[in-house]
Amino acid sequence: MKCQDIDRYLDTQSSGLPEEVQAHLEGCERCRRLVEALQSPVTAPEIPPAVESRIENAIRRDLKAVSPLRSERYFVALILGVAALMWVSLAAYGGIRGLRSMSLLQLVAVGFVLLAGTVGLAISLSRRMVPGSRVSLRPGALLLAVGGSFLGVVALLYPWRSEGPFVEWGLLCTGPGLLFSLVPAVAFWLILRRGAILEPASLGALAGFLAGLVGATGLHLQCWVIEAPHAAVWHLAVPVICAVLGYVLGKVIR
Amino acid sequence: MRRYQRAEEAAVSELIRLVSPPLFRFLHARTPAREVAEDLLQECWLRIHRARHTYRPDQPLLPWIYAIAHRVWIDHYRRRQRLQSRELAMEELPEGGQLATRASGLSGLLLRQLLADLPASQREVVLLLKIDGLSLDEAARATSSTVGSVKQKAHRAYEKLRGLLGSRVDTV
């Protein structure tokens with residue numbers, strides 16, 4: 001047994017030493033001292049009774065029955081429902097010229113990244129409504145993963161050319177994209193405030209990015225400009241701008 | 001907790017008596033002054049009360065409570081830093097000598113001194129795992145982090161503690 005194995009033992013055990021651990025500790029003074037230090041008794045300080053009764057009185061004054069928050073699946077479904085409703089509305093009013101302009105491979109790959117990103121962010125958001133929920137990816141890593149995947153797919157499958165006016169066409173996409181994101185952003189905010197928001201800034205960034213992603217997906221339904229620079233800059237700008245706005249709003253609202 | 005959500009008065013007293021000691025130990029191990037820890041305990045309970053509807057009976061209670069307590073402490077720390085007109089990132093919470101008193105809620109002089117010498121993020125993980133008695137999964141949930149990240153910080157902390165213990169022996 002090596003010292004690293006003792007670390008793994010310390011991860012899972014707080015008392016009682018298996019034989020193999022004891023054998024290692026007998027021969028390794030550094031580990032023995034570490035285990036002794038970490039197992040030294042710790043006592044909790046006394047709480048003054050006045051403090052406890054103050055807390056109890058404050059809570060009793062405002063004691064009302066509450067229903068536990070609905071399940072994580074319910075909120076994931078709610079968030080995805082908002083996104084789907086937005087896409088169906090955009091397709092009904094604006095058409096799906098963008099989808100028709102894409103090749104089958106582009107359609108499948110970009111569609112997969114956007115949908116997977118939407119589902120991943122919906123799960124992450126609904127978990128963050130409840131303190132102490134399990135975290136698979138930190139918000140920054142999640143946003144990078146979704147944004148990076150989108151960039152990767154666009155860079156690989158879209159042609160690297162820019163035939164029309166780059167900025168003019170770009171602004172024609174980013175502007176409406178931000179507008180498409182507005183309704184989901186408000187809906188997500190209404191959903192999230194039903195939970196307990198511990199980190200408003202990072203939650204704001206996540207919710208903003210998701211709203212922006214819904215808007216960007218709406219753009220892909222309608223935008224006929226199948227060019228890598230256009231999609232990489234102007235379409236991705238929508239979730240990025242929304243994430244920054246969400247972060248700032250979260251900071252302000254906290 | 002279910003009875004508390006149903007607004008049963010007896011459940012309030014029971015829960016406060018049951019949960020306050022570990023919560024107070026958690027807060028007092030991170031804040032130097034006992035009065036501050038008492039204020040934070042009250043703040044913590046108010047937030048628990050406001051968020052009580054978000055507790056789901058099928059989920060573990062401790063990470064839910066410690067996540068709220070962790071946030072109360074972070075908010076307190078940031079407020080204090082703003083008052084001192086300093087800007088420090090979360091990962092750069094105060095370290096070193098001034099923290100000798102930070103773990104004053106713990107008994108056992110050696111452990112107290114050792115923890116004070118650890119970087120804040122590593123000390124936080126050791127406190128949660130070894131003092132508060134949380135599992136890796138619970139500590140990860142309480143700090144909105146991943147199990148891998150908690151494990152990595154803990155292992156770095158153990159290695160540093162070995163070094164610190166060694167240097168103590170050398171100087172004696």
Side-chain angles (χ1 to χ4, degrees), chain A residues 3-4 6-8 10-12 14 29-34 36-48 50-56 58-60 62-72 128-139 141 194-199 202 254, chain B residues 5-7 9 12-13 16-17 20-22 24-25 28 34 38 41-42 45-46 49-57 59-60 62-68 71 105-108 110-111 114 126 129-131 133 135-137 140-142 144-146 151 154-155 158-159 161-162 165-166 169:
Chain A
C3 296
Q4 287 91 332
I6 298 295
D7 290 355
R8 277 192 283 278
L10 286 169
D11 285 340
T12 52
S14 54
E29 195 179 342
R30 294 175 80 226
C31 287
R32 189 170 65 245
R33 287 184 170 274
L34 175 68
E36 279 171 4
L38 291 175
Q39 288 187 338
S40 60
V42 172
T43 52
E46 289 282 317
I47 306 167
V51 173
E52 265 193 353
S53 62
R54 231 181 359 248
I55 293 168
E56 202 172 320
I59 289 178
R60 276 177 195 276
D62 185 42
L63 194 61
K64 290 179 205 120
V66 290
S67 308
L69 202 66
R70 300 184 76 158
S71 71
E72 186 184 305
R128 284 178 179 274
M129 292 169 72
V130 177
S133 292
R134 190 170 279 133
V135 174
S136 314
L137 266 180
R138 295 190 70 95
R194 291 165 69 178
I197 299 174
L198 295 183
E199 300 168 53
S202 67
R254 73 184 294 124
Chain B
Q5 287 178 325
R6 286 197 294 261
E9 293 218 356
V12 175
S13 324
I16 288 173
R17 263 191 288 280
S20 286
F24 192 56
R25 184 174 60 192
H28 200 18
R34 189 187 173 94
E38 288 172 10
L41 180 69
Q42 293 183 63
W45 270 108
L46 287 180
H49 185 63
R50 282 200 295 265
R52 67 195 186 281
H53 67 288
T54 65
Y55 173 72
R56 294 188 179 117
Q59 294 293 310
L62 274 186
W64 183 83
I65 288 203
Y66 278 117
I68 293 173
R71 182 45 51 176
L106 313 175
S107 75
L110 181 61
L111 185 56
L114 289 172
V126 175
L129 294 175
K130 295 295 153 198
I131 309 302
S135 68
L136 281 171
D137 182 54
R141 283 166 177 255
S144 300
S145 185
T146 59
K151 206 185 273 192
H155 288 193
Y158 298 150
E159 200 44 49
L161 287 173
R162 282 192 185 93
L165 283 162
V169 172

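It should be emphasised that the depicted structure is a prediction, and the values quoted were computed from it without experimental measurement. So that the names make sense, note that chain A is the first sequence line, chain B the second, and so on, each numbered from 1. The figures that follow rest on heavy atoms only: side chains count, while hydrogens, waters and symmetry mates do not.
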**Request:** Only counting residues at least two apart or in another chain, list the ones meeting side chain to side chain contact (heavy atoms under 4.5 Å, CB included) with B:Arg52.
**Result:** A:Lys64, A:Val66, B:Met1, B:Tyr4, B:His49
**Message:** Let's test your reading of the structure: which of A:Ser202, A:Ser53, A:Ala196 forms the most heavy-atom pairs below 4.5 Å with chain B?
**Reply:** A:Ala196
**Prompt:** Side chains of B:Arg162 and A:Cys31: closer than 4.5 Å at any heavy-atom pair?
**Reply:** yes
**Prompt:** What is the distance from atom CD of B:Glu38 to atom CD1 of A:Ile55, rounded to the nearest 0.5 Å?
**Reply:** 9.0 Å
**Separation of A:Glu52 CD from B:Ser13 OG (nearest 0.5 Å)** = 9.5 Å
**Item:** A:Arg70 versus chain B, the contacting section by heavy-atom distance below 4.5 Å
**Value:** backbone
**Message:** Heavy-atom pairs under 4.5 Å with chain A: which of B:Ser144, B:Ser135, B:Gly133, B:Ala142 has the most?
**Reply:** B:Ser144
**Straight-line distance of B:Ile16 CD1 to B:Leu41 CG, nearest 0.5 Å** = 9.0 Å
**Request:** Measure distances from B:Gln59 to the heavy atoms of chain A and classify the residue's part below 4.5 Å as side chain, backbone, both or neither.
**Result:** neither
**Message:** For B:Pro60, which atoms come within 4.5 Å of any heavy atom of chain A: side chain, backbone, both, or neither?
**Reply:** neither
**Request:** Return the set of residues passing ring-ring contact (aromatic ring centres under 6.0 Å, His included) with B:Trp64 (not counting sequence neighbours), or none when no residue passes.
**Result:** B:Tyr55
**Prompt:** Among A:Val51, A:Ile197, A:Ile59, A:Val130, which has the most heavy-atom pairs under 4.5 Å with chain B?
**Reply:** A:Ile59
**Message:** As an exercise: rank B:Ala154, B:Ala51, B:Ser20, B:Ser145 by heavy-atom pairs under 4.5 Å with chain A and give me the winner.
**Reply:** B:Ser145
**Prompt:** Is chain B contacted by the side chain of A:Pro139, its backbone, both, or neither, given a heavy-atom distance below 4.5 Å?
**Reply:** neither
**Option that, when pairs with chain A are counted at under 4.5 Å, heavy atom only, ranks first among B:Arg17, B:Glu9, B:Arg56, B:Arg50** = B:Arg56
**Message:** For B:Glu159, is there an ion pair with A:Arg30 - N to carboxylate O distance below 4.0 angstrom?
**Reply:** yes
